[in-house]
Each structure stands twice: as structure tokens, then as C-alpha cells.
Amino acid sequence: MNLVLDSFEFGLHTQIYYGVNKINELPTIIRKYNYKKVLICTDKGIVQSGNLKRVESLLSSAGIEFFTFTEVEPDPTIEIVQHVKNLYIENGCDALIGMGGGSSIDTAKGVSIAVVNAGDLTQYEGKDKIPNKGPEIITIPTTAGTGSEVTHATVLKDNKRHYKMGILSQHLHAKAAILDPQLLTTVPRGVAAITGMDALSHAIESYTSNQTQPITEAFGLYAIRLIGRHLRPFVARRADLNAASHMMLASTIAGAAFIWGRIAAVHAISHPLGGRLGVAHGLANSLLLPVVMRYNVSTNYEKFRDIAVALGENVEGLSLREAAERSITAVEQLIHDLEIPTTLTALGLHPSDDELDVIAKEAFESGMTSANPKDCTTADLRRMIEKIR
């Protein structure tokens, strides 16, 4: 970027409250924003972990009214969002809490849209198509990966099209995000691994995209460094508060980076992989990240060398190209160490050629590849998918 000739925008619209046991301040934060009754969107895993009970106890003790929806599922659907919207209205709520991983937060964002914008949610797919700002949201992430706590996007599944659609709008920024690393200590090992790879894909894609700018570059590279140092120990022992704290920050920082730095070919393919084949989002990103990196590496050897260094690779004495390619090796080794599958076959999935053709077509038509540092066609995307078959 030429700082003399070019311009850019950056803004983070969510107030962040970080700290171990910061969740205890939730009643104070709710009162600060004058909410009278909140609807909590969460899932069964949060119920089983005991974290929901803790939050409900905090609110009850403070005399704050709430209603809880605990049936959020992975890849929330339009139908679920409409159902929760009706509960929100019936119970007289005036704000939302998304507590959990990306699915819970995306559900809360979807409800916020639906409460004040009539009609089918599919009409708001894309960027800046929501006419009215809905009720405000407090996000409480319990995984270190999605970054949704600070982004302006929600991803919802349209079952009619077997398609995961993205809705992006300034109206979808959460009012506040509570980052409490203590909440990460109950995450199952496998979830910790793939959500960590989700965060890494956000950081790398935003750092290398053709939409990057100085602030997102700084955020992205720092998040890569944090993940390189702390993801393995966090997955090995989620009770390690030092590792959990750094992973929580890495996830949020990577989320802030891709608001403006954008995501690219990894996410373009991972969304239809989820919509068509049911592959979990973080797992799809993990499958694709080294493949897309190999496709893109020649666009900027310096950046990919810096990724390698941030991930702990020793590049001394290597040529620039060799150092850059170490970034791919580092990601592949990380995936191996985390024991994450690397092919669709390993997941028990055997899609037909026609199905993969559709996934490639949907990936290209999503528009996300426009931010990829190297131009790619539908055929290019199809070849990338073939490599994870």
C-alpha cells in the first residue's frame, strides 16, 4: 500500500471488556446500556458446561430479567432465527446476548435483523442491505476462533438452497463483547483445535488479501504469532489460563482484522462445503488453508516468510521463496499436531464430481474470492477442492 496515494478505513464499533472472570460484570454492563430484559441465545454445550447457569445466577441475583433460548445448533438456520425472533417479541425483550461459539452469536445477530426488518431474511444477503438497525447485542464468546463477537457479519443456513448465506452490515456490530478466558476452559479438545484453525485462517487471509491495509496487517500478523505460540498448549490443556487468554485475544484480534482486511478463497469454499456437505466451519477452513496458501504464496514471498516466522519457523539461511514456503509447512505441521483430518474422505465424506462442481461454482459466485491475492476462476477453486478430496 502506498500511504501517499492510497486511503483506507478502519473502525471497531464494539466495546471490549477483557479479563479473567470479567463475566461477573455482565449485570453492570447491562445496566450501563439500560437494557430491561435480555434474550440469551446459546446451546446445549454451554448448558452442560455450567457457564449458562453461572450467567443466569448473576442476572437473577442482580434482579435483571432474562429469557433463555438453549436450542442453537451448528450452522443456525433461517427457521431457527425466525422462531427465536418470535420468542424475543413474545417475552418483551429489548436486547440480545449471544453466548457460545459462532453459531450462538450468529443466531443473536440474525434475530436482531428479523425483529425490525420484515420479510424473508434471504433478501438481506450480501452487504449493507439491512434498512433498519435492530436491538443491540452483547456477545460472550466461549470458543477462540470465530471472531464474530466484533465482526459485522452473520452466516445463516438457507435449507431451501442448502446454502450458507452471509449478511454483512454495520448494524450487526455488537454493542459490547465480554472476553473472559475462563469460559474457554470447558471447550472440548476437538472444538478448541478447529476453532483455533478458524482464527488462524482469519488472520492469514486478512493479512495476505488484496484488501489489506496497515492496521489489519498489524492485527493479522500479531494474531498469527499468538496462535503459533499458544494454540498447541491450549488444545493440549484447556485449563491453561495463559494459553486460553492468548487464544481468546488472538481470535478477537483476527476478527477485527478481517472486518476490513477481508477473507478470501478459504472462506469462499468453506461456506458451501458447510452448506452442501455439513462440514463444520472451522474444520473446512483447516482443510483448505494450506491448499489456498500454496496457491497464493507466489504473490508476496515477503508476507508468507513473515507468516512462517510468526509461526515459529527458523528461516535463517533460506532463500526468500524457501522461507515463504515454510509458512505452508508450518500450518500443515500445526494441523498434524492438533490431529485434525486433512481430507473429506477422512471425514467419511465421498461427494460426487457434480457436487464438487456445485461447491466450486457457489464459492466463486460468493464474491469472496475478489479479495484473494491471486485471481482465481471456478476451475481454480475446483482444483483446490480436489486436493482435499
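Quick note: numbers below take in every heavy atom, side chains included, and nothing from hydrogens, waters or symmetry partners.
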**Prompt:** Does the side chain of D106 pick up a donor-acceptor pair with the side chain of S148 at under 3.5 Å?
**Reply:** yes
Check: Counting distance only, does the side-chain N/O of D180 pair as donor-acceptor with the main-chain N or O of K22 below 3.5 Å?
Finding: yes
Open item on the list: Working note: E125 + K129, criterion salt bridge (Lys or Arg N to Asp or Glu O under 4.0 Å); need CA distance, chi angles, decisive distance, verdict.
Closed with: CA-CA 7 Å; E125 181 180 357; K129 295 182 180 179; over 6 Å; no
*asked:* Looking only at the side chains, is there a donor atom on one of N285 and S270 sitting less than 3.5 Å from an acceptor on the other?
replied: yes
| field | Residues E386, R389; criterion salt bridge (Lys or Arg N to Asp or Glu O under 4.0 Å); working and verdict | value | CA-CA 5 Å; E386 192 65 34; R389 194 168 189 173; 3.3 Å; yes
Is a donor from one side chain sitting under 3.5 angstrom from an acceptor on the other, for T151 and K109? yes
Please check this pair: side chain of S112 against backbone of P135, looking for a donor-acceptor N/O pair closer than 3.5 Å.
yes
Rounded to the nearest 0.5 Å, the CD1 atom of I359 sits from the CG atom of D354 at a distance of 11.5 Å
>> Less than 4.5 Å apart, side chain to side chain, heavy atoms only: is that true for L26 and I97?
In response: yes
When every non-hydrogen atom of G100 is compared with those of I105, the smallest separation belongs to O-CD1, 4.2 Å
Can L241 be reached from V191 by stepping across I, L, V, M, F, W or Y side chains whose heavy atoms are under 4.5 Å apart? no
R321 atom CZ, over 12 foreign heavy atoms within 6.0 Å
no
Got a salt bridge between E332 and R294, using NZ or NE/NH1/NH2 to carboxylate O under 4.0 Å? yes
query: Any luck finding a side-chain donor-acceptor pair between N24 and R54 under 3.5 Å?
result: yes
Q) Quick one: does S201's side chain have a donor or acceptor within less than 3.5 Å of a partner on L289's backbone? A) no
Interatomic distance, CD1@I30 vs CG@L59, rounded to 0.5 Å, equals 4.5 Å
Q) Which is it for H83 and F69 under the side-chain contact (heavy atoms from CB on, under 4.5 Å) test, yes or no, and what are the steps along the way? A) CA-CA 10 Å; H83 173 64; F69 177 78; 3.7 Å; yes
For atom CG of N21, decide whether the heavy atoms of other residues, nucleotides or ligands shown that lie under 6.0 angstrom number more than 12. yes
Task: Polar contact flag, side-chain donor to acceptor under 3.5 angstrom, E25-T28 - done: no
Would E322 and R326 satisfy salt bridge (Lys or Arg N to Asp or Glu O under 4.0 Å), going step by step from the backbone distance to the final call?
-> CA-CA 6 Å; E322 290 170 334; R326 280 289 182 90; over 6 Å; no
- Query: Between K44 and E71, does at least one N-O distance fall below 4.0 Å, as a salt bridge requires?
  - Reply: yes
Just by distance, do the side chain of T42 and the backbone of M99 share a donor-acceptor pair under 3.5 Å? yes
Using a 6.0 Å cut-off, check whether atom CD of E316 has over 12 heavy atoms from anything other than its own residue. no
To the nearest 0.5 Å, atom CE of M247 lies from atom OG1 of T143 at 9.5 Å
* Asked: Just wondering, are more than 12 heavy atoms of other shown residues or ligands nearer than 6.0 Å to OH in Y17?
  -> yes
What one should report as the nearest heavy-atom pair of G220 and S206 is CA-OG, 4.3 Å
>> I'd like to know if the side chain of S103 reaches the main chain of P76, judged simply by a donor and an acceptor atom lying under 3.5 Å from each other, with no hydrogens or angles considered.
In response: no
For this session: Start with the C-alpha distance between D357 and K361, add both sets of side-chain angles, then the distance that settles side-chain contact (heavy atoms from CB on, under 4.5 Å), and finish with yes or no.
Result: CA-CA 6 Å; D357 289 342; K361 180 175 181 290; over 6 Å; no
Rounding to 0.5 Å, atoms CG (L172) and OH (Y124) come to a distance of 12.0 Å
- Task: Indicate, with yes or no, if I269 and I263 share a hydrophobic cluster defined by side-chain heavy-atom contacts under 4.5 Å among Ile, Leu, Val, Met, Phe, Trp and Tyr.
- Result: no
* Is it true that D306 and R225 make a salt bridge, defined as a side-chain N closer than 4.0 Å to a carboxylate O? -> no
Could you tell me whether the side chain of Y88 and the main chain of A95 form a donor-acceptor pair under 3.5 Å? yes
Original post:
Without hydrogens or angle criteria, can the side chains of T252 and E149 be said to hold a donor-acceptor pair below 3.5 Å?
Top reply: yes
Q) Transitively linked via ILVMFWY side-chain contacts under 4.5 Å: L288 with I224? A) yes
The reported gap from OG1 in T216 to CD1 in I253 (rounded to nearest 0.5 angstrom) is 13.0 Å
Test H246 against F234 for side-chain contact (heavy atoms from CB on, under 4.5 Å), laying out the working first.
-> CA-CA 9 Å; H246 284 92; F234 173 59; over 6 Å; no
query: Does any N or O in the side chain of S286 come within less than 3.5 Å of the main-chain N or O of L283, such that one atom is a donor and the other an acceptor?
result: no
### Query
Do you see a donor-acceptor pair shorter than 3.5 Å between the side chains of T68 and E56?
yes
Check your understanding: Do the rings of F10 and F219 sit parallel, tilted or perpendicular, given the 30° and 60° boundaries?
Key -> perpendicular
Do V81 and T154 touch side chain to side chain, with heavy atoms closer than 4.5 Å? no
ask   = Going hydrophobic residue to hydrophobic residue with side-chain gaps under 4.5 angstrom, can you get from L168 over to I130?
value = no
| request: Tell me yes or no: between the side chains of D380 and T377, is some donor less than 3.5 Å from an acceptor? | output: yes
All heavy atoms of D75 vs all of K157, minimum pair found to be O-CB, 3.9 Å
dist L226:CG -> L231:CG (nearest 0.5 Å) comes out at 11.0 Å
Pair Q82, N86: side-chain N/O donor-acceptor within cut-off below 3.5 Å: no
Check your understanding: Side-chain heavy atoms under 4.5 angstrom apart, residues restricted to Ile, Leu, Val, Met, Phe, Trp, Tyr: same cluster for L52 and V111?
Key -> no
Donor-acceptor under 3.5 Å (S251 side chain, M248 main chain): no
Tightest non-hydrogen contact, residues L156 and G110, listed as CD1-CA, 4.3 Å
With heavy-atom distances below 4.5 Å as the criterion, would you say the side chains of N117 and Q123 are in contact? no
Heavy-atom nearest pair, A371 first then A264, reads C-CB, 3.9 Å
Aromatic plane relationship, H173 with H152 - under 30° parallel, 30 to 60° tilted, over 60° perpendicular: parallel
Requested in this report: Check the side chains of R262 and S370 for a donor-acceptor pair under 3.5 angstrom, ignoring hydrogens and angles.
Outcome: yes
From the list I307, N300, N372, T299, side chain to side chain contact (heavy atoms under 4.5 Å, CB included) partner of T208 resolves to I307
Closest non-hydrogen atoms of D240 and P233, given as atom of the first, atom of the second and distance, are OD2-CB, 4.3 Å
Taking it one step at a time, do E362 and V358 satisfy side-chain contact (heavy atoms from CB on, under 4.5 Å)?
CA-CA 6 Å; E362 290 182 347; V358 170; 3.8 Å; yes
Quiz item: Mind checking whether D43 and E73 have side chains closer than 4.5 Å, heavy atoms only?
Solution: no
For the side chain of N91 and the backbone of C93, is there at least one donor-acceptor N/O pair under 3.5 Å apart? no
Short question: side chain of T212, backbone of S209 - any donor-acceptor pair under 3.5 Å?
no
